[in-house]
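Below is one structure, written out as structure tokens; comments come after it.
Computed from a predicted structure; not experimentally measured.
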Amino acid sequence: MSAPNKSYDPVEVEALKPEVVEQARDEAFAAFAAAASLEELKQAKVAHTGDRSPLALANREIGALPPHAKAAAGKLIGQARGAVNQALAKRQTELEAERDARVLVEEAVDVTLPYDRVPRGARHPLTTLAERIEDTFVAMGYEVASGPEVEAEWLNFDALNLHQDHPARSMQDTFFVQAPDGSADSGVVMRTQTSPVQIRTMLDRRPPLYAVSPGRVYRTDELDATHTPVFRQVEAIAVDEGITFADLKGTIEALVEKLIGTGLELRWRPSYFPFTEPSAEIDLQCFVCRGASVGNPDRPCRTCSSEGWIELGGCGVVNPRVLVAAGVDPDRYSGFAFGLGLERILMNRHNVADMRDMVEGDVRFTLPFGMEI
Amino acid sequence: MRVPLSWLREYVDLPAGETGRDVAARLVRAGLEVETVEQLGADLKGPLVVGEVLSIDELSGFKKPIRHCFVNVGTANGTGEPQEIVCGATNFAVGDKVVVVLPGAVLPGPFPIAARQTYGHTSAGMICSARELGMGDDHNGIIVLESHHEPGTDAVELLQLVDEVLDIAVTPDRGYCLSMRGVAREAAAAYGLPLADPALLDVPPANSYGYPVKVADPAGCDRFVARTVTGVEPSARTPIWMQRRLQKAGIRPISLTVDITNYVMLEVGQPLHAYDRNRVDGPIQVRRAEEGEILTTLDGVKRKLSAEDLLICDNSGPIGLAGVMGGATTEILDPVLDPETGLVTGSTEVIVEAAHFDPIAVARTAKRHKLPSEASKRFERGVDPEAARAAAQRAVDLLVLIAGGTAEAGVTDIAAPHPVRTISIAADLPDRVAGTEYGRETVTRRLQEIGCGVVGADTLEVTPPSWRPDLTDPYDLAEEVIRLEGYDNVPARMPTVPPGRGLSEAQRFHRRVGVALAGAGYVEINAYPFLGEAAFDGLGLDKDDRRRRTVKLVNPLNDEEPALRTTLLPGLLGALRRNIGRGNTDLALFETGTVFLPKDELKVAPRLPVDRRPSDTEIAELNAALPHQPRRVAVALAGERLPSGWWGKGSGAVWADAIEAGRTVAAAAGVELTVRQAQYAPWHPGRCAELLVGDVVVGHAGELHPRVIKALHLPERTSVMELDLDLVFEDGRRVSGPAVSAYPVATQDVALIVDSSVPAAEVEAALREGAGELLEAIRLFDVFTGEQAGEGKKSLAYTLRFRAADRTLTADEATAAREAAVALAGSRTGATLRG
Ligand SMILES: [Zn+2]
């Protein structure tokens with residue numbers, strides 16, 4: 001820096017001539033614009049805004065000016081430096097954006113790569129189907145009840161109006177549990193139906209009773225495409241004052257609508273169960289062919305075997321004898337009960353062709369069902 | 001019950017155009033379970049005619065006998081010339097009338113017929129066997145017709161080959177529908193048409209000179225009708241129409257007399273038995289057997305009798321199991337042709353038995369001797385006792401008409417007095433049961449339609465017909481009305497259900513377990529609960545292991561698996577192996593389900609009465625006879641738990657995964673699981689954890705014993721967990737929300753050296769306790785053994801996170817807490833700080 005020189009005219013200081021300052025400024029602009037990378041910009045920055053840059057040096061010369069000239073020179077330099085810094089910042093932003101864009105491109109991955117690092121599990125469709133049915137009933141106000149799978153004969157048969165010699169008792173091929181002496185007279189069987197839970201529910205509590213009860217039941221069938229010795233039923237029972245067959249129909253219709261959908265006809269076939277009277281078998285119109293396959297060999301239907309109907313299960317008004325055995329006054333209360341086969345519903349609702357798939361535990365069968373059905 | 005539509009029409013004048021399917025639909029709505037409607041002869045096309053065999057030339061030089069025949073088929077072939085036919089059957093002779101199918105016809109199969117060259121001759125058609133015509137598959141020989149049929153007669157009509165057969169599964173309450181009479185009655189009601197009742201016959205009154213019968217057990221046999229026909233011609237053959245009806249109904253024609261008894265049974269539902277009178281020794285007696293008596297039934301089986309069996313006897317002893325099967329010594333002889341004389345010999349004097357036996361006695365005998373017969377099937381379900389006389393009469397009539405016999409005048413009819421059963425029913429009971437309004441008139445009319453006598457107004461006095469023993473109380477009658485009025489016509493309505501309580505805590509927990517395990521990558525299976533000793537041997541259980549004490553079945557599906565599971569593992573491992581066998585090697589499976597644990601003291605469940613509620617003591621007795629049936633969960637893992645992939649190496653399923661599954665279940669229960677080193681089959685003795693909630697052992701987890709893995713052909717390092725869900729579940733649990741401090745955390749690491757045998761869990765517990773309440777969390781981040789740790793030692797490195805609820809901790813405070821933690825770990829477990 002030159003020493004203050006009161007006698008100097010500003011024009012005599014070369015570095016503070018406006019054209020020189022402008023040139024320095026323009027050179028800085030050019031250098032910034034020419035910087036192709038943040039690294040080059042950094043060098044340009046040092047060259048044009050650093051301590052040894054022309055404008056910095058010129059700034060120092062201001063001190064050498066006479067007081068009257070300082071303000072003008074300071075303004076001149078200040079403006080030039082401001083413009084240079086602005087240009088620098090602008091270029092800096094530009095280059096950073098360019099760099100960022102480049103890095104993001106470089107970091108791109110193939111998001112379609114398969115990733116099963118944490119394997120998924122699944123619940124068995126019969127479990128989730130049972131839960132769905134439970135939920136439908138719970139929403140109506142029912143409770144979910146359960147009972148043992150190895151059950152007293154009295155509960156599985158006698159109390160359900162199936163006395164010792166009842167033909168229906170041999171209809172159901174029962175697994176008998178060995179008595180302590182090895183005989184069949186243990187009075188204990190593997191339950192052939194979920195109906196004993198009805199009795200337990202009635203023995204436990206007083207009406208009004210509204211209960212639904214899913215569970216495993218057992219019959220001595222060999223496993224094949226349409227039979228399994230271990231299968232699942234869902235039983236529902238309502239015992240209250242004034243319960244009628246009409247209530248049964250309404251309830252089943254509501255369930256079917258929730259479970260399968262609307263617009264399908266139900267067929268109520270009179271049938272016989274010792275524990276209900278009147279009794280009915282419920283058939284659902286085949287939702288695949290809607291009956292079009294009946295007597296039409298050109299359009300066979302696998303879902304209903306071209307019968308037009310799918311058996312849903314059995315139902316009826318609880319036989320007053322059953323109420324008596326369970327300690328419910330049949331003059332005051334009446335009830336309805338029904339039982340549905342879950343495997344059959346699963347087969348129909350989800351196009352499962354072979355019963356064996358449900359029992360073998362092959363993960364390829366179960367996984368697609370996921371967590372909910 | 002198989003019901004040919006053509007036969008049904010004999011009793012109900014069904015509309016002409018009504019098909020089998022139409023009739024089936026009506027019957028189904030009335031409650032008969034029509035399983036199939038068989039279309040007989042649907043693909044059959046004539047010409048199919050009667051032919052007379054004119055000549056037979058036995059061809060030689062072939063592997064089997066071949067006949068070159070000329071057959072007179074009248075003008076059915078258009079020329080009137082004899083038809084040239086080559087035939088491989090030999091059971092016919094010149095002059096026989098046979099059934100000939102001509103070229104252009106189609107036999108069932110479908111099997112089109114054309115003239116063809118064979119064995120050096122032209123064969124313009126076929127001489128038919130019963131099987132070829134779809135008449136039943138038991139007969140391979142040529143049908144030889146009675147001689148009076150004219151050549152050229154249409155055999156499709158003659159043999160009634162085109163028909164529809166309704167196959168009806170008769171429910172136990174509808175015994176009367178095991179007859180044409182019963183099904184016809186239902187069809188008549190369904191169509192609103194009159195019924196021509198085949199049991200309405202003129203029957204001569206009982207007298208004292210019928211075949212002598214003594215009924216020693218009137219409770220077992222409340223009706224016994226016996227009729228005698230003499231002069232029965234053994235050579236008489238069962239007419240085609242009767243054979244065909246029997247065949248369509250599924251009964252094989254045998255001989256005329258037997259066929260007649262079967263025919264009448266199908267017609268009116270009364271099982272009949274025919275005895276050869278010349279083989280019966282003295283009066284017929286009905287009594288119970290003496291224990292150990294022997295009877296050879298007509299199926300040739302020698303049967304040892306029980307004192308409960310109801311018998312038909314003569315002076316020689318038992319000659320029949322009442323209502324089940326006759327004996328061999330008195331059965332009707334099969335007609336035998338003497339080739340020398342051309343005479344047919346066989347039974348000529350026949351006693352027809354039409355009796356009514358106690359359904360329970362018959363059911364028990366049939367069950368005891370494993371002898372379900374057409375007769376027992378009907379008696380079990382209830383036979384009309386009033387039909388016995390008519391049925392016997394019908395059989396006598398047919399024996400006279402067809403077999404050339406003479407009815408003896410004697411009529412035996414022993415009847416125990418039957419009280420008239422009447423049922424009082426409120427006229428509006430059907431309305432109240434159905435939830436709709438029928439009105440008294442409809443109720444009365446419908447009850448009359450099924451054969452009831454009905455009198456009364458608000459209360460109806462109803463006398464059910466003799467063929468409906470199932471109608472015993474007012475609800476039975478209400479059901480009949482509702483069924484005949486049609487279930488479709490009952491309105492649908494929803495009951496008003498009081499507000500429910502939703503799922504119980506336990507039910508919600510069971511669902512959470514499934515969701516949690518599936519969320520953790522496990523796939524649910526449901527195995528059968530059956531197993532045998534082999535399963536326990538495979539698991540390497542000791543001979544006296546408690547799990548070998550099982551509930552056993554009397555009649556298992558498989559004799560090798562007579563027991564019910566006491567552990568879920570065999571089923572789960574079976575599923576694991578099946579999946580591996582099918583090419584899935586990375587597996588995580590789970591099952592929840594019941595195991596069956598016999599009680600210490602085995603009891604028999606009482607047979608309680610059903611006419612009242614059992615007492616609480618009685619219910620307790622029932623429950624005491626049942627095994628414990630706790631609910632378990634089990635998992636099995638094999639292969640990679642976390643798969644390898646483009647991201648790098650995965651990790652194999654290990655013992656720790658199995659234990660973690662236990663923690664997953666415990667977390668679903670909201671309880672804390674503690675883990676303790678244990679030794680328990682079938683786990684690896686060094687890699688088995690006992691799982692506890694509080695002080696209660698709830699299950700085990702870890703890696704399977706290598707011997708078990710080898711024995712069961714499982715992948716190495718297969719790991720399993722099993723625990724008792726009932727023990728884990730805690731009702732009424734409620735989580736208390738923690739106070740979350742906003743002050744900064746102070747983290748300190750500590751590395752400890754302990755003996756290898758010291759469980760990490762103990763070290764951690766000591767650190768926790770020693771650190772006191774400032775400790776927010778502790779995490780074991782490194783374990784190693786080896787030189788650096790020292791011989792027989794291991795190094796455990798923990799991160800301790802400290803935080804105070806009310807202030808920022810100073811470094812000194814955190815350090816002091818850490819030192820306290822280390823000190824307690826040192827005194828409890830011998831841990832020392834690593835250098
Ligand atoms: Zn269909």
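Counting all heavy atoms, side chain and backbone alike, Leu557(B) lies closest to Asp221(A) at CD1-O, 3.6 Å. Nearest heavy atoms, Thr244(A) versus Arg493(B): OG1-NH2, 2.8 Å. Across every non-hydrogen atom of Leu642(B) and Val118(A), the tightest pair is CD2-CA, 4.3 Å.
In this structure, CG in Asn319(A) is found 9.0 Å from CD in Glu479(B), a value given to the nearest 0.5 Å.
When each of Trp646(B), Phe590(B), Phe530(B), Phe596(B) is scored by its heavy-atom pairs under 4.5 Å with chain A, the top score falls to Trp646(B).
Inter-residue side-chain proximity for Thr436(B) and Phe245(A) is flagged as unmet; no heavy-atom pair is nearer than 4.5 Å. A heavy-atom distance below 4.5 Å is not found between the side chains of Pro208(A) and Val497(B). In this structure, the side chains of Glu134(A) and Gln507(B) stay at 4.5 Å or more apart for every pair of heavy atoms.
Heavy-atom distances place no part of Ala130(A) under 4.5 Å from chain B, backbone and side chain included. Proximity to chain B (any heavy atom under 4.5 Å) is shown, for Thr228(A), by both the backbone and the side chain. At a 4.5 Å heavy-atom cutoff, Asp470(B) makes no contact with chain A through either its backbone or its side chain. Tyr210(A) touches chain B through its side chain: at least one heavy atom from C-beta onward sits under 4.5 Å away, while N, CA, C and O do not. In this structure, chain B has a heavy atom under 4.5 Å from the side chain of Met371(A), while its backbone stays farther away. Neither the backbone nor the side chain of Ile199(A) comes within contact range of chain B, judged by heavy atoms closer than 4.5 Å. Contacts between Val515(B) and chain A at a heavy-atom distance below 4.5 Å involve backbone atoms as well as side-chain atoms. Of the atoms belonging to Pro598(B), not a single heavy atom falls under 4.5 Å from chain A. With a 4.5 angstrom heavy-atom cutoff, Pro125(A) does not touch chain B via any of its atoms. Neither the backbone nor the side chain of Ser504(B) comes within less than 4.5 Å of any heavy atom in chain A. Using a 4.5 Å cut-off between heavy atoms, Pro614(B) touches chain A through backbone and side chain atoms alike. Residue contact with chain B, scored on non-hydrogen atoms closer than 4.5 Å, involves the backbone and the side chain of Ala184(A) alike. When heavy atoms are compared at a cutoff of 4.5 Å, Glu149(A) approaches chain B by way of both its backbone and its side chain.
At a threshold of 4.0 Å, the pair Arg511(B)-Asp135(A) counts as salt-bridged, since one of the basic side-chain nitrogens sits closer than that to a carboxylate oxygen. A salt bridge is absent between Arg578(B) and Asp362(A); no separation between the charged side-chain nitrogens and carboxylate oxygens falls under 4.0 Å. Checked for salt-bridge contact, Arg321(A) and Asp473(B) meet the test: a charged N lies under 4.0 Å from a carboxylate O.
Side chains of Glu524(B) and Thr366(A): no donor on one and acceptor on the other come within 3.5 Å. The closest side-chain donor-acceptor pair between Asn579(B) and Arg364(A), if any, does not fall under 3.5 angstrom.
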